[in-house]
Each structure stands twice: as C-alpha cells, then as structure tokens.
There are 2 protein chains.
Amino acid sequence: MFVNSKMKQMSHPKSIAVDENVVSCCSPLIGGEMSEVEASDMAQIFGALSDPARLRMLSLIASQEEVCSCALEEPLARSQPTISHHTRILAEAGLITGEKRGRWMWWRVVPERLKDVARILGE
Amino acid sequence: MFVNSKMKQMSHPKSIAVDENVVSCCSPLIGGEMSEVEASDMAQIFGALSDPARLRMLSLIASQEEVCSCALEEPLARSQPTISHHTRILAEAGLITGEKRGRWMWWRVVPERLKDVARILGE
DNA sequence: CGTTCTCATTGACAAACGTCAATGTAAAGG
DNA sequence: CCTTTACATTGACGTTTGTCAATGAGAACG
C-alpha cells in the first residue's frame, strides 16, 4: 500500500471524467422558496456526506494531494467493493474526482465544491 | 395556518430544551486523523440535511424568525406525524430549536450551528 | 498469449429511513 | 369537567442504504 508516493511513472495518464452528475449546486439555504429539485440536489450532496466511512474517506483524500483507491481499503476497514461504492457516491456528488493511471485509480477532492456546499449553510 | 403572526400572547412561555444531543461539533474536515466518533457525529448532522423535505423545512424556518409546526404541514405536503418526525431529527442535529408556547411549537434555526457545519467544509 | 493485479458491477441481505393511520398527551377554553 | 386543539409516539409498510462474496473488465507485464 502507498499513498501518493513517487513511483515509476505509468504510461499514458488517461484522464477519466468520473460521473459528473451535473448537480446544479447551490443557492443559499436562507433565501426563500426552495424548489423540490433544488432540495433534491442539495440532499444528494449532503447524503454523500452523511456516512461516517465516506467522511473519513474524504478526510483521508483531503489530507493528501491524491490518494489511490488501494490506500483506502485498510484505514477504512472496508472491502474493496465497498470502497468502490463509496468513492462513486462521493464522485457523483461532485466532492471528489478520480483519474485512472495505469492500474490505479487516483482520487482528489474538489475544493470549490466543498466551498459551494459551505456557502449553502453560511448564509 | 399562520407563520410568526402576532397573536394573543400565550401564558407562561415555557421554555423547553429540545433534545440537545450533545454533538461535539466540529473539527475541520481537512486536518488529518478523523476519529470514528467524530465521523459519526458529523454524519449525523449531514444526515439530518440529507432529506429534501427537511432541507425545505429548514429553509422555511430560516425564512422567518420563528415558525409554528402547524405552518409546515401544508407547504411540505406531509402528514403531521411526519413533520414532527423531521423537526425532531433537525433538532437532534442541533440545527433548530423548539419552544412550546401555549398549544404551539415554535421553531427557529440555530445559525451558529449552521456556521459550524459550514466551517467543517470551508477548510 | 496467459497471468496478475486493480477497480467496477452484480446480487443478496440486514439495517435504517420516510411515510402515514391510529393513538396518546397535555394545554386551552368553554 | 368535558371537548378541542396541536403535537408526540407507536406500529406498520415499502424503499433506500451499507456491506460483502462472487464475478466481470482492462491494463500491465513477462
């Protein structure tokens, strides 16, 4: 297992756009008249943040520039399919993005997205 | 139905502390080593925000100083028990507080709490 | 090639969740 | 008192969620 360590550089770093689920984030919470679709979009994002494993996953990824999927399995104590499941949910919420390089999937947070979400709450 | 309207002032405004669930909010998400309990506490809060009905409810309450439970049933199109259920969850997450005055339950947001949550995400 | 490795997908299952009808509770107002 | 009113609690239900074993899909490497 390794996290963001230098390694023999892989061939073509093929950039993969992971599930940009086009969530039209985010009008502030306070600011009247919240449509049902707005509510659902926001709920999806908060839903992604509503699981302990995913929060710690996000925290782990945020603590490094980039983290390999393989580096999450152990600290989170979840099976590989479960890790894959959670990364997908975070990615669909736009909170992380992934790029496949060689055999590994590298994840990083999307700071602007986090700020967007923060702005929902901070008036 | 009425929202925050002047009304014949009720007798003893009995202040009721609604379910202070002592959620030890909130160390920033980025900032390494997130314990399981921290994660669970945060997850509880985000979980409260992860339902469209609750988000619209919170938005409604935030749009006025104070909102009566009875004023939520109609705009949210949910039954009275369901409204009660949701207010409880928001209150347990510390996002709103309620006070029973006369026959009515009045809810208001806890802005500091919202800011706390925002601060988790905004580095 | 064929093997190995990493991640995704599928299917299954128990637990948690959102919802409402029915019922309980307690204050208000005659 | 007794009735009304507003909210809480309970019980039941279908749906969603978190989890893993099993399997699939592709890249890497010899």
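Within every chain, numbering begins at 1; the chains are lettered A, B, ... in the order of the sequence lines, protein sequences first and strands thereafter. The model shown is predicted, which means the values in this text are computed figures rather than measured ones.
For the pair B/W104 CH2 and C/dA28 P, the interatomic distance rounds to 9 Å; values are reported in whole Å. In this structure, CD of A/E92 is placed 12 Å from P of C/dA8, rounded to the nearest angstrom. At whole-Å resolution of the value, CH2 in B/W107 and C1' in D/dA6 are 13 Å apart. Taking atom CE on B/M105 and atom P on D/dC7, their separation rounds to 9 Å, with Å as the unit. Taking atom CZ on A/R88 and atom P on C/dT10, their separation rounds to 8 Å, with Å as the unit. Rounded to whole Å, the distance from CD on B/Q44 to C1' on D/dT17 is 17 Å. If you measure from atom CZ of B/F46 to atom P of D/dT17, you get 17 Å, rounded to the nearest angstrom. Between the C1' atom of C/dA27 and the CD atom of B/E99 lies a distance of 15 Å, rounded to the nearest Å.
Looking at which nucleotide of DNA chain D each of B/S84 and A/G47 is closest to, the 5′-most match is held by B/S84.
In this structure the side chain of A/V67 reaches within 4.5 angstrom of the side chain of A/L72, judged on heavy atoms. Counting only heavy atoms from C-beta outward, the side chains of B/I89 and B/D51 never approach each other to under 4.5 Å. Looking only at side-chain heavy atoms (C-beta outward), A/L76 and A/M57 come within less than 4.5 Å of each other. Contact of the A/T97 side chain with the A/V109 side chain is not registered, since no non-hydrogen atoms from C-beta on lie closer than 4.5 Å.
Taking all atoms of both residues into account, the shortest heavy-atom contact from A/R113 to A/G94 is CG-O, 3.1 Å. Counting all heavy atoms, side chain and backbone alike, A/W107 lies closest to A/A91 at CZ3-CB, 4.0 Å.
Under a 3.5 Å cut-off, the side chain of A/R78 and the backbone N or O of A/E73 do not form any donor-acceptor pair. A donor-acceptor pair is defined here as one N or O able to donate and one able to accept, closer than 3.5 Å; such a pair exists between the side chain of B/T87 and the backbone of B/I83.
Proximity of B/H86 to the phosphate of C/dC17: no side-chain N or O atom is located under 4.0 Å from OP1 or OP2. Contact annotation: B/R101 does not reach the phosphate of C/dA27 (side-chain N/O to OP1 or OP2, under 4.0 Å).
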Given the rule in the side chain to side chain donor-acceptor pair (under 3.5 Å) test, do A/T82 and A/S79 qualify, once you have shown the distances and angles that lead to the verdict? CA-CA 5 Å; A/T82 299; A/S79 72; 3.0 Å; yes
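Listed in residue order, the members of residues 49-58 of chain B having a heavy atom less than 4.0 Å from DNA chain D come to none.
Closest contact between the side chain of B/R103 and the listed nucleotides C/dT4, C/dC7, D/dT4 involves D/dT4.
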Short heteroatom pairs, N/O only, protein and nucleotides 20-23 of chain D, under 3.5 Å:
unit_1: D/dC20; atom_1: OP2; unit_2: A/S79; atom_2: N; d: 2.9
unit_1: D/dC20; atom_1: OP2; unit_2: A/S79; atom_2: OG; d: 3.0
unit_1: D/dC20; atom_1: OP2; unit_2: A/T82; atom_2: OG1; d: 2.7

